[in-house]
Amino acid sequence: MSKDQAQAQQNPPLLGAIEAGGTKYVCAVSREPSEPLEEVRFPTRNPEDTVAEAADFFRQAEKAHGPLAALGVGTFGPARIDPAAPDYGLILSTPKPGWSQFPLLRSLNEQLGGGIPIAFETDVNAAALGEAVHGAGRGVRTLAYITVGTGIGGGLIHDGRLFHGRLHPEIGHLISPDLDGPYGATAQTCPFHECCLEGRASGPAVAARWGQPAEEIPAEHPAWELEAKYLAVLCVQLTAAWSPDLILLGGGVPRQEGLVERTRAEFVALAGDYWDLPTPEDYIRRPELDQGAGIVGGLELARRLVL
Ligand code: ADP
Ligand code: ZN
């Protein structure tokens, strides 16, 4: 081992992460992705003030812990995450006031003095990477990570690499068959599609259909039978298109007691035995890092910049 390597092992570089959500920003620093050292969270306001608050945190952290070696950002989207694109680092058209076309990466660079390498990803991709490397997806070759919360999003990982495609996957907008009929009520919260999974099965979609917040709907309510059917459709689509080894159902809605179990049962009924799959318990699971996945993934993105 060289002297430099020995030194690096004694004091690994300081990594930073931002989970740039539509409602809140979480910033963290650490020397080890799976164990954030210091963390702060604050509401997402207008872009300039929000970025300034994040930059303040990192400047303070540098005073306490030494210079930041790299930063990993996972932002709400849509966002340009292709480093080769001329508008890399931009937030694209979003209903969030003030944020459409905001150059988030450039603004962070400016606020931090320009000397720190920054990895720029979507929030769901960062969370997917966190689970893949440090959570429930450890050792899994092809992972589909889904979050069912205020929206529905998903990230795909193969051999440790995030799939981008032309922009990035928008798994929540997979079109579903309309399963509402027997339940006597319809709610469609996606303004773009008549029947996509986000519009029918996200937390706000469930709340809109049944007239109460999703977390207050009791376990025996038919809402959860219907929700399990929609999530099973999602798992079948992912299986058909991507052939993952593991599907993780993250986000607030699958916290509902029994929902993941019901989704597995509906999945088996819908998929039949066409695919040679692991047992449903091994194939469709909850994440391990859960709400920490975004920050751990952001730190992992930063770590990869300084390897
Ligand atoms: P976000 O998507 O904003 O990051 P979450 O993943 O926590 O946040 O998801 C929030 C959504 O999850 C809300 O719509 C909320 O109603 C729903 N939710 C939270 N807990 C539960 C629960 N135990 N059962 C069902 N829905 C829940
Ligand atoms: Zn949609």
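Just so you know, these numbers come straight off a predicted model, no measurement behind them. FYI, the numbering just counts along the sequence from 1.
Taking the six-membered ring for Trp and the full ring otherwise, the centers of Phe57 and Phe42 sit at least 6.0 Å from each other.
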- Would you please test His164 and Glu121 for side chain to side chain donor-acceptor pair (under 3.5 Å) and show each step? CA-CA 9 Å; His164 278 183; Glu121 270 293 348; 2.5 Å; yes
- Audit row: His168, Glu170, side chain to side chain contact (heavy atoms under 4.5 Å, CB included) steps and yes/no: CA-CA 6 Å; His168 47 71; Glu170 294 263 14; 3.5 Å; yes
- Task: Check the pair Ser30 / Leu15 against side chain to side chain contact (heavy atoms under 4.5 Å, CB included), numbers first and verdict last.
- Result: CA-CA 5 Å; Ser30 179; Leu15 310 170; 5.5 Å; no
- Message: Would Arg209 and Asp180 count as a side chain to side chain contact (heavy atoms under 4.5 Å, CB included) here? Give the steps.
- Response: CA-CA 10 Å; Arg209 182 185 291 101; Asp180 285 6; 3.0 Å; yes
- Task: Please lay out, stage by stage, how Glu227 and Gln256 fare under the test side chain to side chain contact (heavy atoms under 4.5 Å, CB included).
- Result: CA-CA 10 Å; Glu227 181 70 5; Gln256 175 63 38; over 6 Å; no
- Could you go through the side chain to side chain donor-acceptor pair (under 3.5 Å) check for Ser34 and Glu32 one step at a time? CA-CA 6 Å; Ser34 57; Glu32 164 50 48; 2.9 Å; yes
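Rounding to the nearest 0.5 Å places CZ of Arg255 at 9.5 Å from CD of Glu215. To the nearest 0.5 angstrom, Asp123 atom CG is 12.5 Å from Ile18 atom CD1. Summarising the geometry, atom CG belonging to Leu156 is positioned 7.0 Å from atom CG belonging to Leu238; distances are rounded to the nearest 0.5 Å. The CG atom of Leu299 sits 11.0 Å away from the CD atom of Glu35 when rounded to the nearest 0.5 Å. Considering CG of Leu234 and CD1 of Ile171, their distance stands at 7.5 Å, rounded to 0.5 Å. Leu129 CG to Arg304 CZ: the interatomic distance, rounded to the nearest 0.5 Å, is 4.5 Å.
The hydrophobic cluster containing Phe58 also contains Ile116, counting ILVMFWY residues as joined when their side-chain heavy atoms lie under 4.5 angstrom apart, directly or transitively. In terms of hydrophobic clustering, with Ile, Leu, Val, Met, Phe, Trp and Tyr side chains grouped at heavy-atom distances under 4.5 Å, Val124 and Leu174 are assigned to different clusters. Hydrophobic clustering (side-chain heavy atoms under 4.5 Å, transitive across Ile, Leu, Val, Met, Phe, Trp, Tyr) keeps Ile146 apart from Leu162. Linking Ile, Leu, Val, Met, Phe, Trp and Tyr residues whenever their side-chain heavy atoms come within less than 4.5 Å places Ile284 and Leu197 in a single cluster. Under a hydrophobic clustering in which Ile, Leu, Val, Met, Phe, Trp and Tyr are joined whenever their side-chain heavy atoms come within less than 4.5 Å, directly or via other members, Leu37 and Leu301 fall into different clusters.
Annotation for Pro254 and Arg286: closest pair CB-NH1, 3.4 Å, computed over non-hydrogen atoms. When every heavy atom of Ile295 is checked against every heavy atom of Ala17, the shortest pair comes out as O-CB, 3.7 Å. Heavy-atom minimum distance, Ala28 versus Pro36: CB-CB, 4.4 Å. What you find for Val148 and Ala201 is that their closest heavy atoms are CG1-O, 3.5 Å. Here the closest heavy-atom approach between residue Thr189 and residue Ala208 is recorded as CG2-CB, 4.1 Å. Scanning both residues, Pro177 and Cys195, for their nearest heavy atoms gives O-SG, 3.7 Å.
Between the side chain of Gln188 and the backbone N or O of Cys190, at least one donor-acceptor pair lies under 3.5 Å. Of the possible polar contacts, one joining the Trp224 side chain to the Ile217 backbone as a donor-acceptor pair under 3.5 Å is found. Between the side chain of Trp99 and the backbone N or O of Gly77, no donor-acceptor pair lies under 3.5 Å. No donor-acceptor distance shorter than 3.5 angstrom exists from the side chain of Ser107 to the backbone of Pro103, with no hydrogens or angles considered. Not a single donor-acceptor pair under 3.5 Å links the side chain of Glu300 to the backbone N or O of Gly72. The closest donor-acceptor contact from the side chain of Glu131 to the backbone of Gly137 lies at 3.5 Å or more, if one exists at all. Of the possible donor and acceptor atoms, none in the side chain of Arg80 sits under 3.5 Å from a partner among the backbone N and O of Leu90. The main-chain N or O of Leu68 is found under 3.5 Å from a side-chain atom of Glu62 such that the two form a donor-acceptor pair. Using a distance-only test at 3.5 Å, with no hydrogens or angles considered, no donor-acceptor pair links the side chain of Arg200 to the main chain of Cys196. Checking side-chain atoms of Arg141 against main-chain N and O of Asp245 turns up no donor-acceptor pair under 3.5 Å.
By the neighbour-count criterion of 12 heavy atoms within 6.0 Å, atom CD of Glu216 is densely surrounded, having more than that number from other residues, nucleotides or ligands. Remark: Glu281 CD is packed, more than 12 non-hydrogen atoms of other residues, nucleotides or ligands lying under 6.0 Å away. No more than 12 heavy-atom neighbours from other residues, nucleotides or ligands sit within 6.0 angstrom of CZ on Arg106. Other residues, nucleotides and ligands contribute at most 12 non-hydrogen atoms within 6.0 Å of the CG atom of Asp273.
Counting heavy atoms from C-beta on, the side chains of Gln60 and Glu38 never come closer than 4.5 Å. Contact check for Phe120 versus Leu71: no side-chain heavy atoms found under the 4.5 Å cut-off. By the 4.5 Å heavy-atom criterion applied to side chains, Phe267 and Leu277 are counted as neighbours. You'll find the side chain of Leu143 stays beyond 4.5 Å of the side chain of Pro244, heavy atoms only. Within the 4.5 Å cutoff, the side chain of Arg285 has heavy atoms near those of the Arg264 side chain. With contacts defined as side-chain heavy-atom distances shorter than 4.5 Å, the pair Leu105/Val73 does not qualify. Put simply, the side chain of Ser93 reaches to within 4.5 Å of the side chain of Gln101, judged on heavy atoms.
Among the candidates Tyr283, Tyr145, Trp242, the single residue satisfying the side-chain contact (heavy atoms from CB on, under 4.5 Å) test with Ile247 is Tyr283.
Using bins of under 30°, 30° to 60° and over 60° for the plane-to-plane angle, the ring pair Trp210/His221 lands in the perpendicular bin.
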